Amino acid sequence: MKHFPIYLAVEGRKIVLSGGGAAALAKLRLLLKTEARIEVFAPNPAAEIVGWANESRLALHQREVTQADLTGAVLIYAADEDAFLDSRTATMATKTGIPANIVDNLADSAFITPAIVDRDPVTIAIGTEGAAPVLARALKADLEEHLSPRLGLLARAGRTFRSAADALPFGRARRDFWRDYFLGAGPRLADEAKAKDVLETLLTKHLSTETKEGHVAFVGAGPGDPELLTLKARKALDTADVVIHDRLVSAEILELVRREATILDVGKQGFGPSTAQDDINALIVEHGLKGAQVVRLKGGDATVFGRLDEEIEAVTAADISWHVVPGITAASASVAAIGQSLTRRGRNASVRFLTGHDMKGFADHDWRELAAPDQVAAIYMGKKAARFIQGRLLMHGALPDTPLTLVENASRHDQRVVSTTLAALPSDLADAALTGPALALLGLSPRAVSAPLSQPLVQEQA
Ligand code: SAH
């Protein structure tokens with residue numbers, strides 16, 4: 001971040017703008033939304049500026065700005081669209097130490113004005129440090145569409161009610177009340193004059209509810225791309241008090257967790273392999289018993305190789321309520337990456353999700369069935385077990401040129417696809433030097449690459 005976004009107090013304070021043309025007009029339209037005292041210096045002001053001056057919305061001086069004019073200002077805009085005049089204004093500003101913005105000159109500006117979504121007192125400032133103004137405008141348009149035009153009104157009504165709401169205990173009780181208002185009862189208001197009544201009814205309801213009990217949501221975080229989170233997962237992250245996540249959950253997703261929530265990483269070292277699960281169970285239960293809304297956040301889908309049952313049993317034993325929010329598992333994200341289906345009419349009527357290893361070591365499977373032609377399997381945690389799996393499959397008669405695709409970091413920006421065959425798997429895997437989570441798709445090759453068709457040379461049987 002080369003620029004730090006802040007909200008500057010401007011009520012009743014002076015903002016100086018030098019310029020009277022199109023750039024000045026554009027800035028003034030924004031500045032007039034504030035409660036600042038605006039002073040414009042322009043020998044030849046546009047008619048609109050004269051109009052605003054006549055309405056006393058700003059003070060207009062039909063001459064060039066001087067050093068003395070800047071005294072007491074909090075911000076200065078150099079908007080003459082003339083390199084000489086603008087740099088003169090900027091030099092004067094530098095002398096006073098007041099930050100100046102030179103329109104269309106990022107390098108010499110002490111601050112920049114963001115794109116603003118205005119639902120006063122709720123405002124959203126969007127900045128790209130000059131890197132992508134088009135993006136800023138698109139984001140603004142998007143937000144304008146999503147945010148109710150009455151958001152400001154709701155916030156203003158809420159502001160006058162803040163001290164009344166202090167009757168609720170600080171913390172979750174109060175937060176829940178405001179959430180219910182801003183996301184529920186508030187937007188449903190038919191008549192704006194009723195805002196106060198609605199707030200009072202809601203407060204009575206919240207004051208009478210007993211203290212809430214803890215709850216655990218087992219949430220699938222998907223393969224890494226935050227856009228592959230379900231809306232329910234987003235909601236759970238928005239309301240969580242405690243988020244307990246594993247190693248596979250991406251940083252971008254953790255960014256979405258409610259700011260006040262406690263985030264606990266149980267994927268890191270420090271939990272020995274044999275005690276890890278017990279420690280995690282204990283941690284979930286501990287927070288649930290304290291009355292927290294706990295989100296147990298797992299990569300992909302929580303029900304796939306996620307040791308979910310052990311955690312559910314621990315939570316149930318402690319008499320804490322729970323529910324599961326499904327997520328997109330790595331197999332789904334990986335086939336999507338290579339444009340293939342997990343099942344296909346006439347090819348495979350079933351698909352297997354396998355793990356390369358389990359707690360006892362390399363996992364055993366029905367190799368003979370898997371070695372048959374046209375089988376499709378998604379192999380999780382298969383990197384270390386690749387050679388073992390290859391050996392077992394070939395021994396049970398699988399074709400050496402059976403296609404196999406490795407998808408590393410599926411759905412993430414650093415996603416990689418390695419297309420290989422059963423025969424070449426160990427060497428291609430070594431060459432690829434994968435460092436992220438990777439899924440092996442047995443029987444599938446990326447759609448763009450057509451798999452070689454050949455007959456088995458030797459049909460081995462075990
Ligand atoms: N519950 C998870 C799987 C946990 S097991 C799910 O549903 O996806 C961990 C294994 O999942 C990893 O070893 C890897 O094989 C696979 N995996 C998880 N996320 C992945 C990703 N983004 N890309 C590729 N494989 C992934």
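Each residue takes its place number in the sequence, starting with 1. What you see is a predicted model, and the numbers here were worked out from it, not measured in a lab. Just so you know, these numbers use all the heavy atoms, side chains as well, and skip hydrogens, waters and symmetry mates. Whatever order the structure lists them in is the order used to number ligands and atoms, beginning at 1.
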**Student:** Looking only at distance, does V304 have an N or O less than 3.5 Å from an N or O of ligand 1?
**Tutor:** yes
**Student:** For W322, does the six-membered ring have the charged nitrogen or CZ of R296 within the cation-pi criterion, i.e. under 6.0 angstrom from the centroid and within 45° of the normal?
**Tutor:** no
**Student:** Does ligand 1 have any atom that is closer than 4.0 Å to a heavy atom of G224?
**Tutor:** no
**Student:** If we count only N and O atoms by modelled type, under 3.5 Å, do the side chains of T420 and D428 hold a donor and an acceptor together?
**Tutor:** yes
**Student:** For D180, is there an ion pair with R175 - N to carboxylate O distance below 4.0 angstrom?
**Tutor:** no
**Student:** Regarding ligand 1, does G382 bring an N or O atom to under 3.5 Å of one of the ligand's N or O atoms?
**Tutor:** no
**Student:** Check each atom of ligand 1 against the heavy atoms of T329 and keep those under 4.0 Å away; list them by number with element.
**Tutor:** 6 (C), 7 (O), 8 (O)
**Student:** Decide whether an N or O pair under 3.5 Å exists between M381 and ligand 1.
**Tutor:** yes
**Student:** Is ligand 1 under 4.0 Å from a heavy atom in the side chain of L248, in the backbone, in both, or in neither?
**Tutor:** side chain
**Student:** Below 4.0 angstrom, N of the basic side chain to O of the carboxylate: do R258 and D241 qualify?
**Tutor:** yes
**Student:** Which option wins on minimum heavy-atom distance to atom 15 (O) of ligand 1: G356, P437, A438?
**Tutor:** A438
**Student:** Identify whether the distance between the nearest side-chain nitrogen and carboxylate oxygen of R234 and E227 falls below 4.0 Å.
**Tutor:** no
**Student:** Do K140 side-chain atoms and I126 backbone N/O form a donor-acceptor pair below 3.5 Å?
**Tutor:** no
**Student:** Does an N or O anywhere in A410 fall below 3.5 Å from an N or O of ligand 1?
**Tutor:** yes
**Student:** Any N or O of S334 that comes nearer than 3.5 Å to an N or O of ligand 1?
**Tutor:** no
**Student:** Looking at N105 and D108, would you say the former's side chain and the latter's main chain have a donor-acceptor pair under 3.5 Å?
**Tutor:** yes
**Student:** Among all the protein's non-hydrogen atoms, which is closest to atom 4 (C) of ligand 1, and how far away is it?
**Tutor:** F305 O, 3.6 Å
**Student:** Can you list the ligand 1 atoms lying under 4.0 Å from a non-hydrogen atom of A330?
**Tutor:** 6 (C), 7 (O), 8 (O), 16 (C), 17 (N), 18 (C), 19 (N), 20 (C), 25 (N), 26 (C)
**Student:** For K33, is there an ion pair with D120 - N to carboxylate O distance below 4.0 angstrom?
**Tutor:** no
**Student:** Among protein heavy atoms, which lies nearest atom 2 (C) of ligand 1, and at what distance?
**Tutor:** G299 O, 3.2 Å
**Student:** Any nitrogen or oxygen of Y380, main chain or side chain, under 3.5 Å from a nitrogen or oxygen of ligand 1?
**Tutor:** no
**Student:** Parallel, tilted or perpendicular: which describes the rings of H206 and F177, with under 30° parallel and over 60° perpendicular?
**Tutor:** perpendicular
**Student:** Please list, in number order, the atoms of ligand 1 under 4.0 Å from a heavy atom of V407.
**Tutor:** 24 (C)
**Student:** Please state which protein non-hydrogen atom is closest to atom 22 (N) of ligand 1 and give its distance, to 0.1 Å?
**Tutor:** P223 O, 2.9 Å
**Student:** Which of the numbered atoms in ligand 1 are below 4.0 angstrom from a heavy atom of L439?
**Tutor:** 24 (C), 25 (N)
**Student:** Kindly check if the number of other-residue, nucleotide or ligand heavy atoms within 6.0 Å of CD (E260) is above 12?
**Tutor:** yes
